[in-house]
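Take a look at this one; I'll ask things after.
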Protein chains: 2
Amino acid sequence: MYPNLVKQIRRYVKLDEHEVQILYKYVKLSSLNKKEYLLKEGQICRAFYFVEKGCLRMFFINSKMAEQITQFALDGWWIADYFSYIDNKPSEYYIQTIEKSEILSIDVLSLDDLIKELPQIERYFRLIMQKALAASQLRTKYMSEMTKEEFYLHFSSSFPDFVQRVPQYMIASYLGLTPEYVSELRKKKP
Amino acid sequence: MYPNLVKQIRRYVKLDEHEVQILYKYVKLSSLNKKEYLLKEGQICRAFYFVEKGCLRMFFINSKMAEQITQFALDGWWIADYFSYIDNKPSEYYIQTIEKSEILSIDVLSLDDLIKELPQIERYFRLIMQKALAASQLRTKYMSEMTKEEFYLHFSSSFPDFVQRVPQYMIASYLGLTPEYVSELRKKKP
DNA sequence: CGGTCTCTTGACGGAGTTCAAAGCTAGTGG
DNA sequence: CCACTAGCTTTGAACTCCGTCAAGAGACCG
């Protein structure tokens, strides 16, 4: 039913067919069109979202009333506002589809029950959190050691297909530079 | 023996006295002076470090041969190079004491055994990884919505005691600005 | 006290932003 | 299937935040 979810979990822990059925009891599918929201500012984030297929962005509105993207999520990735979820506080973020997407959500309140039924899910989440933290450490390192020009070139050569897939201004926002400057850089090195 | 470690774990999971003794079998204490290293560039990070008392910094050497701090760790915090640990690759970071410190380390190879003996430790690590990720998301948000001036003022008013505790140039490095600019900001708003 | 870190000052420069306007492109409805 | 429009990208000029450099003043430690 949700092959990408199962494939992704099996990269870290064992999960037999029967257990997959148990897992499915806790998972809800949303089929969304472009620009639909999973989370809006002011709501409390009560679910982890998994991209079975498609693409999401997470952003907030900064003091200049502009959308500032902090994260993308592609096929096989999880996304959530962990701060809102842990402290049960209204989120300052939006999570929105960039294209037509199949999104799975696990309600965080039922996560404990799921873990009781399938203890290996606890391990799975520990491991992917660790991985997300590693990715976050790496991004911090890149941001601090590169100029904005280098950061852009590094990003677009690391993910050439992704750069084609989403609008330039979103890439710019995510990397912390202006669309105008990205445009200048593309002219320089096509 | 290690009251801060136990106190910190008990904020998330149950741990009776007998279990504390089991935990201690897996934990090694290092009493370090100022400027001693737990990890150096080129080594593989094979442990999670817990600050029982004292203060650590994690940094790398950037292209200008300057130390770039990416993280601090105070009493009750964990630190590690997750990237090096997960992929078993040589680290690009140094982890060093800023002051005389009591550091506990858990070898990552024995972590699985520890979890077999005390399954709640798996949950504990899942929860603190989640928390670290939330903190990381928040830092990213602050960095992208504030100017460097605002970022510095926000940081130093959020952690006034910490700013006193470590040298100015380390704060500057962590926040991604030059010591000269920090000096200018302090003159403006003392 | 001497020497080595650490912090401050000020002049200068440049990477990257801002603003305004024009040129494209793609989605939508007629 | 074409035309229209809203949204996206490009251009160029002016500007500014903050880094760089160099030199001096403190501060801390053996």
Side-chain angles (χ1 to χ4, degrees), chain A residues 32-36 54-55 57 59 61-69 72 94 96-101 142-156 160 162-190, chain B residues 33-37 55 57 59 61-69 72 94 96-100 142-156 160 162-190:
Chain A
L32 301 174
N33 284 317
K34 204 173 173 173
K35 299 208 177 179
E36 291 202 78
C55 182
R57 65 174 180 145
F59 66 91
I61 307 294
N62 66 20
S63 56
K64 291 165 200 153
M65 299 291 112
E67 296 174 355
Q68 173 66 53
I69 297 175
F72 292 110
Y94 298 80
Q96 189 197 40
T97 54
I98 295 181
E99 54 192 50
K100 206 167 183 306
S101 304
Y142 285 152
M143 286 199 66
S144 64
E145 76 181 329
M146 296 182 189
T147 65
K148 300 215 162 176
E149 175 169 6
E150 288 165 343
F151 196 42
Y152 171 76
L153 293 173
H154 179 263
F155 184 84
S156 56
F162 180 68
V163 172
Q164 298 301 96
R165 190 166 161 187
V166 311
Q168 297 292 318
Y169 77 94
M170 289 193 187
I171 305 285
S173 172
Y174 175 69
L175 297 177
L177 24 82
T178 60
E180 292 93 333
Y181 189 53
V182 168
S183 183
E184 195 181 320
L185 294 175
R186 299 185 85 215
K187 189 173 47 169
K188 256 168 70 177
K189 306 216 175 174
Chain B
N33 284 318
K34 204 172 170 172
K35 299 208 176 181
E36 292 202 77
Y37 290 93
C55 183
R57 64 174 180 145
F59 65 92
I61 306 295
N62 67 20
S63 55
K64 291 165 199 153
M65 299 291 110
E67 296 174 354
Q68 174 65 53
I69 297 174
F72 292 110
Y94 298 80
Q96 188 197 40
T97 53
I98 295 181
E99 54 192 51
K100 205 166 183 306
Y142 286 152
M143 285 200 64
S144 63
E145 75 181 329
M146 296 182 189
T147 65
K148 300 219 160 174
E149 175 169 5
E150 287 165 344
F151 196 42
Y152 171 76
L153 292 173
H154 179 263
F155 184 85
S156 57
F162 180 68
V163 172
Q164 298 302 96
R165 190 167 161 187
V166 311
Q168 296 292 319
Y169 77 93
M170 288 194 187
I171 305 287
S173 172
Y174 175 70
L175 297 177
L177 25 84
T178 60
E180 291 93 330
Y181 190 53
V182 168
S183 185
E184 194 181 323
L185 294 175
R186 299 186 85 216
K187 190 172 47 166
K188 256 167 68 177
K189 306 216 177 178

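Below, chain A is the first sequence line, B the second, and so on; all start at residue 1. All values reported here derive from a predicted model rather than from experimental measurement.
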query = Rounding to a whole Å, what distance do you find between L177(A):CG and dC17(D):C1'?
reply =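 Value for this atom pair: 16 Å.
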
key: R165(B) to F162(B) six-membered ring, cation-pi geometry met (6.0 Å, 45°)   =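 Judged by the rule, R165(B) and F162(B) form no cation-pi pair.
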
ask   = How about E99(B) and K35(B): do any of their side-chain heavy atoms sit closer than 4.5 Å?
value = no

ask   = Rounded to whole angstrom units, what separation is found between the CG atom of N62(B) and the P atom of dG19(D)?
value = 13 Å

query = Separation of K34(B) atom NZ from dT6(C) atom P, in whole Å?
reply =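 Spelled out: NZ on K34(B) to P on dT6(C) is 8 Å.
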
ask   = Taking CZ from F151(A) and C1' from dA15(C), how many angstroms apart are they, rounded to a whole number?
value = 16 Å

remark   = Taken to the nearest whole Å, OH/Y169(A) to C1'/dT10(D) is 16 Å

ask   = Any chance the rings of Y174(A) and F72(A) have centres within less than 6.0 Å?
value = yes

task = Describe the nucleic acid contact of E180(A) in one word from base, sugar-phosphate, nothing, applying a heavy-atom distance below 4.0 Å.
result = base

request  = Answer yes or no: does a side-chain N or O of R186(B) lie under 4.0 Å from OP1 or OP2 of dC7(C)?
outcome  = no

request  = Look at the side-chain N and O atoms of K187(B) and state whether any lies under 4.0 Å from the OP1 or OP2 oxygen of dC7(C).
outcome  = no

ask   = Atom OH of Y181(B) and atom C1' of dC18(D): how far apart are they, to the nearest Å?
value = 6 Å

task = Starting from P on dT16(D), measure out to CD on E149(B) and report it in whole angstrom.
result =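 Those two atoms, CD and P, are 15 Å apart.
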
key: Residue closer to the 5' end of DNA chain D, Q168(A) versus K64(B) (nearest nucleotide)   = Q168(A)

query = Between T178(A) and dT17(C), is there a side-chain N or O to OP1/OP2 distance below 4.0 Å?
reply =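 Result: yes.
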
query = Separation of L175(A) atom CG from dG16(C) atom C1', in whole Å?
reply = 14 Å

query = Within a strict 4.5 Å, meaning less than it, do heavy atoms of the E67(A) and N62(A) side chains meet?
reply = no

